[in-house]
Amino acid sequence: MTGRYVLAGTHIGVSVAAFGVASALGLLQALSLADIHFPHRSESLYYTSMTAHGVLMALVFTTFFIMGLGYVLAQENLGRISGQAIAWLAFWLSVVGSVAAATTILRGQSTVLYTFYPPLKAHPLFYIGATLLVIGSWIWGGVMIASYRSWRGDHPGEPIPLPIHGMLATIIIWYLATVGLAIEVLAMLIPWSLGWMKTVDPLLARTYFWWFGHPLVYFWLIPAYVLWYTVLPKVAGGKLFSDSLGRVVFVMFVLLSVPVGFHHQFEDPGISAGWKLAHTVLTYSVVYPSLVTAFTIIASLEVAGRMKGAQGLFNWIGRLPWSDPFFASVALAMIAFIFGGFGGAINAAYAMNAMVHNTAWIQGHFHVTLGTTVAMTFMGATYWLLPRISGRDLRMTGLARIQPYLWFAGMLLFSTSYHIAGLRGLPRRIFSASLTGDYRQWHGLSVVAAVGAVLLFTSALSYVTVVVATWLAGRRIQAPAFEFASSLRPPVASIWDRFDLWTSVAVVLIIAAYAYPIVRLIAHHRYGSPPYQPF
Amino acid sequence: MWAAVGLLVIFVGTIVLTAANDAVHPPSHIETVDPAALADSPEYGNPAVAVRPDGSVVVSVVTQMYSFSPDPIVVPANRPVTFRITSSDVMHGFEVVGTNANAMAIPGYVSQFTVTFKRSGEYIVGCNEYCGILHHNMVGKLIVREESR
């Protein structure tokens with residue numbers, strides 16, 4: 001690996017490893033749910049592997065990938081990473097935390113799923129390990145901001161490079177979101193799991209969790225959008241349609257990502273309908289930047305097709321590089337997001353939410369969003385990053401070309417089946433779709449989903465194989481340069497670069513959305529819950 | 001851009017209009033109850049279906065690992081039925097399969113919502129929040145009966 005990319009490459013290596021392990025566990029879950037027998041199939045294996053799958057995918061794979069990507073973008077767009085030693089400290093904190101949490105999960109001491117709702121209690125090291133991972137990511141954010149500040153000193157008055165603009169938005173959202181998580185874990189779950197507190201209020205903990213849990217999805221999604229805006233048009237052979245729309249989009253996410261958590265709590269007691277409605281309106285507002293993104297990126301791809309000579313209304317689509325693994329992966333990710341986005345709009349409407357809340361529809365939904373839109377963008381980006389950071393040519397390119405299509409096909413079967421099963425009432429997170437063994441109406445759909453899972457696992461295995469083969473045995477080449485898309489009009493410094501201002505507005509919105517309902521809950525006479533470990 | 005704004009206005013407008021006109025609201029009841037003392041509670045000591053003096057039907061439900069009480073729950077068709085659900089241990093879900101009767105059961109709180117079942121027959125009641133190693137076995141029954149007049 002070329003010297004200056006060791007830091008980024010190491011993060012991406014951890015991320016790929018977590019993804020590989022989590023994919024294998026995912027296959028076991030889908031088979032188990034479909035009542036397909038395999039050696040060692042058991043309730044305990046199912047719920048343990050579900051916890052490990054969720055934590056590894058949602059927290060470890062994503063966080064390490066985003067940190068690695070951030071370092072590459074800082075190196076290339078700012079020409080520096082300020083504080084390499086601190087960055088390595090953050091890396092090791094994150095690794096130690098992840099390993100500690102994963103160990104308690106695999107030992108069966110923390111089968112609490114990745115949402116860890118109390119009063120289910122995990123081993124204290126599960127919460128402490130997750131905290132270390134988050135602290136590592138906080139330090140990463142600090143290193144990124146310091147690098148930006150140092151660049152700003154040398155370039156006063158210039159517009160922030162768009163990839164960095166998007167990463168700064170990601171970091172601000174992450175800081176605002178993890179305040180909720182920090183309150184839940186540090187003030188409630190860690191002292192409670194150590195026995196220093198007898199009880200915690202499960203609803204209050206859940207409210208803090210979703211303060212964090214929804215913006216978490218934007219922490220994953222915005223780095224994917226950064227790649228769509230700043231790399232995809234270049235790989236497609238065109239230009240970004242509008243740089244300033246990208247800036248507006250990233251700022252809107254800073255404003256609206258956090259104050260929307262109650263849409264995960266529509267079916268909860270203790271939060272009034274009016275506040276649920278307020279969060280609903282904000283939730284629909286945060287759909288807006290995604291619709292703008294769909295428009296801008298598709299327009300950019302049309303620009304690319306036309307620059308290659310396409311004339312008619314639609315034949316620019318055929319001119320796009322569909323056999324390039326990065327392009328194919330990201331384009332399919334975007335198609336999936338059409339379904340994912342509209343599914344999300346359904347979830348956010350509480351009359352419809354009552355039909356699908358905590359049914360298999362939900363796992364269908366987040367696999368077509370996180371599991372496809374984000375995961376495929378990151379997988380595709382790995383093919384783009386790897387030769388550039390390792391100075392090695394991509395190995396097994398045929399496999400790399402097929403892999404995105406395999407994932408997309410697998411997910412179509414997997415996600416569609418669970419969406420339908422959920423509409424028909426199949427509860428979520430269950431060992432067997434026949435429940436006690438007597439209910440067979442969901443069996444067919446769960447088998448189709450299991451077939452999808454086999455394709456998904458095959459695709460994941462292909463991805464990991466290509467990465468490992470390239471890393472170890474790729475032909476040494478002159479590393480290609482990192483190139484980012486230019487926009488049709490040159491970027492200008494504007495109010496959309498004023499993150500100090502937008503962060504203040506975001507804080508005001510969060511206080512407006514959460515202060516009163518939380519104070520009212522705390523002021524009410526409440527009963528806490530002691531810990532339970534029914535696993 | 002404006003098409004996107006229009007689309008979102010339609011989405012939100014639908015929700016606000018149904019909330020205002022048809023009283024379509026999510027559960028929003030704030031009431032607490034001691035999960036350790038449910039056995040001594042007049043309502044939850046022996047949870048059951050009750051008909052109040054005004055004729056309304058109220059079902060008090062206790063969820064626990066891994067069952068619902070009462071089970072089966074028997075309610076009349078075509079009459080508003082108010083469910084009041086709590087948990088004696090961890091979080092559970094209360095979902096009447098094939099309907100929009102679906103709420104979280106959270107220890108220390110009462111989840112309250114009202115639905116009307118139009119079709120008589122037997123429904124599956126499932127727990128849809130992970131609650132431990134036999135979560136999938138937590139299944140109950142709801143029977144909706146036509147009232148004899």
Side-chain angles (χ1 to χ4, degrees), chain A residues 43-44 47 50 111 113 117 119-120 201-203 206 265-274 276-277 280-281 284-285 287-288 291-292 295 345 348-351 353-355 357-359 424-432 435-436 438-439 520-521 524-530 532 534-535, chain B residues 1 3-5 7-9 11-12 14-16 18-19 24-37 65-66 85-87 89-91 93 95-104 106-113 124 126-139:
Chain A
E43 289 88 348
S44 151
Y47 293 112
M50 173 169 277
T111 309
L113 309 193
Y117 296 138
L120 290 174
D201 175 353
L203 179 62
R206 196 171 139 86
Q265 297 183 275
F266 283 151
E267 315 310 330
D268 285 16
I271 301 164
S272 72
K276 287 176 177 172
L277 183 62
T280 302
V281 172
Y284 282 99
S285 311
V287 178
Y288 182 75
L291 290 173
V292 172
F295 167 80
Y350 44 65
N353 184 280
M355 235 10 240
H357 174 75
N358 269 351
T359 66
R424 295 184 186 167
L426 175 63
R428 175 186 176 191
R429 297 171 152 177
I430 44 165
F431 164 69
S432 152
L435 303 179
T436 53
D438 301 335
Y439 301 95
R520 195 158 88 114
L521 200 54
H524 206 280
H525 182 72
R526 295 166 300 136
Y527 301 90
S529 288
Y532 291 86
F535 43 80
Chain B
M1 299 303 104
V5 173
L7 193 61
L8 295 176
V9 167
F11 285 172
V12 176
T14 311
I15 294 169
V16 174
T18 54
V24 174
H25 296 302
S28 67
H29 189 70
I30 304 187
E31 180 181 342
T32 55
V33 58
D34 187 354
M65 294 171 221
Y66 298 99
I85 300 161
T86 193
S87 165
D89 41 47
V90 299
M91 280 193 206
E95 177 198 339
V96 181
V97 169
T99 74
N100 61 0
N102 189 350
M104 298 294 298
I106 300 183
Y109 291 86
V110 176
S111 288
Q112 178 171 306
F113 62 93
I124 303 166
C127 172
N128 61 17
E129 185 57 79
Y130 167 71
C131 58
I133 196 145
L134 293 178
H135 162 51
H136 51 284
N137 277 0
M138 184 164 164
V139 178

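Every chain is numbered from 1, with letters handed out A, B, ... down the list of sequences.
Contacts of D438(A) with chain B are absent, with no heavy-atom separation under 4.5 Å from either backbone or side chain. Contacts between V90(B) and chain A at a heavy-atom distance below 4.5 Å involve backbone atoms as well as side-chain atoms. Residue E129(B) touches chain A through both its backbone and its side chain, counting heavy-atom pairs closer than 4.5 Å. For chain B, the nearby part of L277(A) is the side chain; its heavy atoms alone come within less than 4.5 Å. With a 4.5 angstrom heavy-atom cutoff, A273(A) touches chain B via backbone and side-chain atoms both. For a residue to count as touching a neighbouring chain, one of its non-hydrogen atoms must lie under 4.5 Å from one of that chain's; by this rule T99(B) touches chain A with the backbone only. Contact annotation for V9(B): neither backbone nor side-chain heavy atoms come within less than 4.5 Å of a heavy atom of chain A. Heavy atoms closer than 4.5 Å to chain A are found in both the backbone and the side chain of M91(B). With a 4.5 Å cut-off on non-hydrogen atoms, I85(B) does not touch chain A at all. No part of V96(B) comes within reach of chain A, as not one of its non-hydrogen atoms sits under 4.5 angstrom from that chain. H524(A) touches chain B through its side chain: at least one heavy atom from C-beta onward sits under 4.5 Å away, while N, CA, C and O do not. Contacts between S529(A) and chain B at a heavy-atom distance below 4.5 Å involve the side chain alone, from C-beta outward. R526(A) touches chain B through backbone and side chain together, each having a heavy atom under 4.5 Å away. Of the atoms belonging to T280(A), it is side-chain heavy atoms, and not backbone ones, that fall under 4.5 Å from chain B.
Expressed to the nearest 0.5 Å, how far CG of L134(B) lies from OG1 of T436(A) amounts to 11.5 Å. Remark: Y117(A) OH to R206(A) CZ distance equals 4.0 Å, nearest 0.5 Å. To the nearest 0.5 angstrom, I106(B) atom CD1 is 12.5 Å from T32(B) atom OG1.
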- Message: I'd like to know whether H357(A) forms a side chain to side chain contact (heavy atoms under 4.5 Å, CB included) with M104(B), so could you lay out the CA-CA distance, the side-chain angles of the two residues, the decisive distance to 0.1 Å, and finally the verdict.
- Response: CA-CA 9 Å; H357(A) 174 75; M104(B) 298 294 298; 3.2 Å; yes
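Put simply, of Y439(A), F535(A), F431(A), F266(A), the one with the most heavy-atom pairs under 4.5 Å next to chain B is F431(A). When the candidates P269(A), P427(A), S272(A) are compared by the number of heavy-atom contacts under 4.5 Å with chain B, P269(A) comes out ahead. No other option in G98(B), A101(B), G126(B), S111(B) has as many heavy-atom pairs under 4.5 Å with chain A as S111(B). Counting heavy-atom pairs under 4.5 Å between each of M138(B), E95(B), Q112(B) and chain A puts E95(B) at the top. Counting heavy-atom pairs closer than 4.5 Å to chain A, the top-ranked of the candidates V139(B), V97(B), N137(B), D89(B) is D89(B). Residue with the most contacts toward chain B among R424(A), R428(A), M50(A): R428(A) (heavy-atom pairs, distance under 4.5 Å).
With sequence neighbours left out, H136(B) forms a side-chain hydrogen bond (donor to acceptor under 3.5 Å, both in side chains) with Y47(A). When the ring pair (Phe, Tyr, Trp, His ring centres under 6.0 Å) test is applied to F113(B), the partners found at least two apart in sequence or on another chain are F83(B).
Here the side chain of Y130(B) pairs a donor or acceptor atom with the backbone of T111(A) at under 3.5 angstrom.
Considering every non-hydrogen atom in both N102(B) and E267(A), the closest pair reads O-OE1, 3.2 Å. Between P530(A) and P119(A), the shortest heavy-atom contact is O-CB, 3.3 Å. Residues T86(B) and G108(B) come closest through the heavy atom pair OG1-N, 4.2 Å. Among all heavy-atom pairs drawn from C131(B) and C127(B), the shortest one is SG-SG, 4.0 Å. For the residue pair I133(B) and Y66(B), the shortest heavy atom distance occurs at N-OH, 3.2 Å.
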